[in-house]
**Q** 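One structure, pasted below without further comment.
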Amino acid sequence: MNLTERDKKHIWHPLTQHKLHPEAKPIVKAKGALLYDEEGKDYVDAISSWYTAMYGHCSDFIIERAHKQMLRLDQIIFSGFTHEPAVELSEKLMVILPDNQQKLMFNDNGSTATEIGIKMALQYHHNKGENRKTLLAFEEGFHGDTLGAMSVSGLSVYNGPFEEFFIDVKRIPLPDGENNERVLKTIEDVHKASPLAGFIYEPLVQGAAGMKMYQAQNLEPILQKCKELGIITVADEVMTGFGKTGSFFASDHIATKPDVMCLSKALTAGLVPMGITTCTQEIYDAFYDDDIGKGLFHAHTYSANPIACATAIAGIELLQSEEIQQNIKTIQGLHQQFASEIGDHPKVRTTRQQGVIFALELNVEMERYGDLRYKIYEFCMTEGVYLRPLGATIYILAPYVTTRDQMERVYAAIRKVLDTF
Ligand SMILES: *Cc1c(COP(=O)(O)O)cnc(C)c1O
């Protein structure tokens with residue numbers, strides 16, 4: 001039996017309706033921006049394996065650090081113990097995070113990072129004796145698939161079976177400059193009717209919604225309004241973090257800094273899973289008390305796993321390196337060139353870009369998980385490019401180490417898609 005057949009016997013894949021899509025494709029190895037299948041054919045990983053492997057797959061630099069750590073200390077309970085990689089990582093993060101972030105809580109992935117952000121916002125008010133039970137979020141936001149994270153995600157059309165169990169969440173549209181006043185008014189009205197504990201948002205780019213982008217200047221008044229009303233702002237930077245928007249974090253582009261930030265995905269460079277939720281001193285202080293019950297009683301078994309911490313430290317060092325910073329600039333430039341080249345193509349509705357994130361809206365009718373999406377995916381794979389269109393949106397978020405030739409392979413595949421579909 002081949003791998004696909006063996007896989008089918010016992011494995012239940014994420015985001016997959018197995019009756020419609022029974023076959024999973026084996027990948028046997030990866031290096032840099034390339035994935036290799038069983039026949040040795042290679043594919044440019046143009047979405048960095050869900051925005052994680054930004055410094056390239058199987059980076060020698062990162063693996064060496066992880067390996068060294070493995071030989072020294074593998075795993076230790078983080079309740080009552082500490083270790084060098086966790087402390088060093090906290091110090092490294094403080095250098096690149098917005099200045100107001102002072103404390104961090106380790107967890108396991110993007111969903112747990114946002115769950116903790118949500119719990120911080122809710123318990124913050126509870127600890128202060130305030131009755132605030134409602135959260136605010138954007139329509140079409142995505143914050144993860146665990147129950148709390150799912151509640152605040154406006155996106156999923158498949159939330160049906162769970163909706164009656166959700167946290168109370170009110171939604172606002174993305175601000176576009178024209179609706180700014182209305183959005184602010186909605187926040188005030190909602191807050192009067194059911195006091196808001198927190199506002200969770202993906203700053204500047206909504207990943208899962210199809211790399212939807214919006215302006216910092218339009219987000220700014222919303223964050224200011226939240227501050228004014230004592231609503232805890234939670235920036236979900238799980239996707240946007242670590243260089244993708246052209247700065248370390250998307251929040252760097254916005255003057256009003258969040259109270260809480262959620263990190264994962266590229267945090268550990270695609271090597272191992274980890275999440276981190278950071279917050280201001282003020283949030284932390286609301287939990288600091290003689291009363292044990294005012295603490296944030298939340299733990300994940302693998303919190304601050306030393307190997308994950310060592311990996312994250314190595315990743316941040318690469319991110320800060322001149323080479324990666326230069327690559328980020330180069331890729332931004334290549335995207336701009338590509339955008340101006342294909343902008344007038346009849347199949348292109350719009351293109352947009354923020355940092356190294358590039359998205360193109362096809363001028364065709366498409367369902368989010370419709371057939372055409374799979375056809376385009378298959379077509380690109382034949383061209384040696386792994387892309388994962390979201391509805392009519394084709395987006396590129398390739399590793400920072402993708403070479404010019406490899407980027408050209410991605411653009412060529414998209415040009416062909418435009419001429420074929
Ligand atoms: C991927 C993602 C999550 C969830 O992360 P997981 O590690 O898949 O649980 C949360 N928020 C955003 C913005 C994401 O892109």
Side-chain angles (χ1 to χ4, degrees), residues 1-28 30 35-39 41-53 109-111 139-147 149-166 206-212 238-239 265 270 273 347 349 359-398 410 413-414 416-421:
M1 254 198 300
N2 68 24
L3 210 55
T4 300
E5 293 305 314
R6 280 165 57 208
D7 169 283
K8 270 194 219 171
K9 267 190 102 157
H10 301 294
I11 295 179
W12 195 341
H13 284 267
L15 276 186
T16 302
Q17 170 50 276
H18 281 269
K19 190 162 184 194
L20 298 176
H21 300 281
E23 311 250 299
K25 181 176 181 60
I27 293 295
V28 295
L35 308 171
Y36 295 83
D37 71 11
E38 289 176 305
E39 280 83 49
K41 179 173 164 65
D42 58 46
Y43 308 85
V44 177
D45 184 358
I47 67 159
S48 305
S49 290
W50 265 339
Y51 345 132
T52 56
N109 55 60
S111 302
E139 290 163 5
E140 293 205 299
F142 177 75
H143 304 290
D145 279 337
T146 53
L147 215 57
M150 219 178 149
S151 301
V152 285
S153 297
L155 182 73
S156 182
V157 281
Y158 307 112
N159 276 350
F162 311 104
E163 266 160 19
E164 61 184 294
F165 307 107
F166 282 176
Q206 292 186 308
M211 299 299 157
K212 279 207 169 165
V238 170
M239 193 286 288
K265 289 200 166 118
K347 288 282 174 59
R349 185 169 292 154
L360 175 164
E361 209 74 47
L362 287 175
N363 217 350
V364 293
E365 282 312 308
M366 248 167 102
E367 282 172 48
R368 186 172 168 87
Y369 293 106
D371 264 0
L372 189 54
R373 165 184 195 257
Y374 285 95
K375 284 197 187 120
I376 292 175
Y377 158 78
E378 296 282 355
F379 182 89
C380 291
M381 287 296 273
T382 316
E383 299 294 316
V385 174
Y386 172 46
L387 283 166
R388 205 168 185 279
L390 290 163
T393 308
I394 296 177
Y395 70 92
I396 309 171
L397 184 36
V410 177
I414 293 176
K416 260 189 155 173
V417 165
L418 294 176
D419 292 336
T420 307
F421 289 89

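Everything numeric in this text was worked out from a predicted model, so none of it was measured.
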**Q** Can you check whether H13's main-chain N or O pairs, donor with acceptor, with H18's side chain at less than 3.5 Å?
**A**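 Yes, H18 side chain to H13 backbone: donor-acceptor pair under 3.5 Å.
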**Q** Check G210 against L390 and note the closest heavy-atom contact, atom names and distance.
**A**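 Result for this residue pair: CA-CD1, 3.6 Å.
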**Q** Roughly how far apart are Q206 CD and E139 CD, rounded to 0.5 Å?
**A**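 With rounding to 0.5 Å, CD (Q206) is 9.5 Å from CD (E139).
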**Q** Check side-chain hydrogen bond (donor to acceptor under 3.5 Å, both in side chains) between N2 and all other residues, then give those that pass, not counting sequence neighbours.
**A**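 Scan of N2 (side-chain hydrogen bond (donor to acceptor under 3.5 Å, both in side chains), adjacent residues dropped) gives none.
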**Q** Could you tell me which non-hydrogen atom of P389 sits nearest to which non-hydrogen atom of Y377, and how far apart they are?
**A**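 So the minimum-distance heavy-atom pair works out to CD-CB, 4.4 Å.
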**Q** Of the non-hydrogen atoms in A359 and T393, which two are nearest, and what is the gap between them?
**A**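 Minimum heavy-atom contact is CB-CG2, 4.0 Å.
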**Q** Rounded at 0.5 Å granularity, tell me how far CG in L360 sits from CD1 in I396.
**A**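 If I round to the nearest 0.5 Å, the distance is 8.0 Å.
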**Q** Find the distance between OH (Y43) and OG1 (T382) and round it off to the nearest 0.5 Å.
**A**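 Rounded to the nearest 0.5 Å, the OH-OG1 separation comes out at 8.0 Å.
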**Q** Output the distance between atom OG1 (T4) and atom CD (E23), rounded to the nearest 0.5 Å.
**A**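 Nearest 0.5 Å value for the OG1-CD distance: 6.0 Å.
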**Q** Going from CG on D45 to CG on L387, what distance comes out if it is rounded to the nearest 0.5 angstrom?
**A**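 The distance works out to 9.5 Å.
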**Q** side-chain contact (heavy atoms from CB on, under 4.5 Å), that's the test. Do F379 and K375 meet it? Break it down for me.
**A** CA-CA 6 Å; F379 182 89; K375 284 197 187 120; over 6 Å; no
**Q** What are the two closest non-hydrogen atoms of K265 and M239, and how far apart are they?
**A**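 Heavy atoms only, the tightest pair is CD-CA, 4.4 Å.
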**Q** On a heavy-atom basis, which atom in S153 and which in N159 lie closest, and how many Å separate them?
**A**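 Reported closest heavy-atom pair: O-ND2, 3.8 Å.
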**Q** Is there a side-chain contact (heavy atoms from CB on, under 4.5 Å) between V28 and L3 once you walk through the steps?
**A** CA-CA 10 Å; V28 295; L3 210 55; 5.5 Å; no
**Q** Considering only NZ, NE, NH1 and NH2 on the basic side and carboxylate oxygens on the acidic side, decide whether K8 and E5 come within less than 4.0 Å.
**A**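 Here K8 pairs with E5 in a salt bridge, since their nearest N and O are under 4.0 Å apart.
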**Q** Could you tell me which non-hydrogen atom of R388 sits nearest to which non-hydrogen atom of I47, and how far apart they are?
**A**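 That closest heavy-atom pairing would be CB-CD1, 3.8 Å.
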**Q** Say whether, by atom type as modelled, one donor and one acceptor occur between the side chain of D37 and the main chain of K41 under 3.5 angstrom.
**A**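 Yes.
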**Q** Nearest 0.5 Å, please: how far is CD1 in I376 from CG in L372?
**A**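 Here the rounded value is 4.0 Å.
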**Q** Mark yes when over 12 heavy atoms from residues, nucleotides or ligands other than R6 sit less than 6.0 Å from its CZ; otherwise mark no.
**A**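 Atom CZ in R6 is not packed in, count stays at 12 or less.
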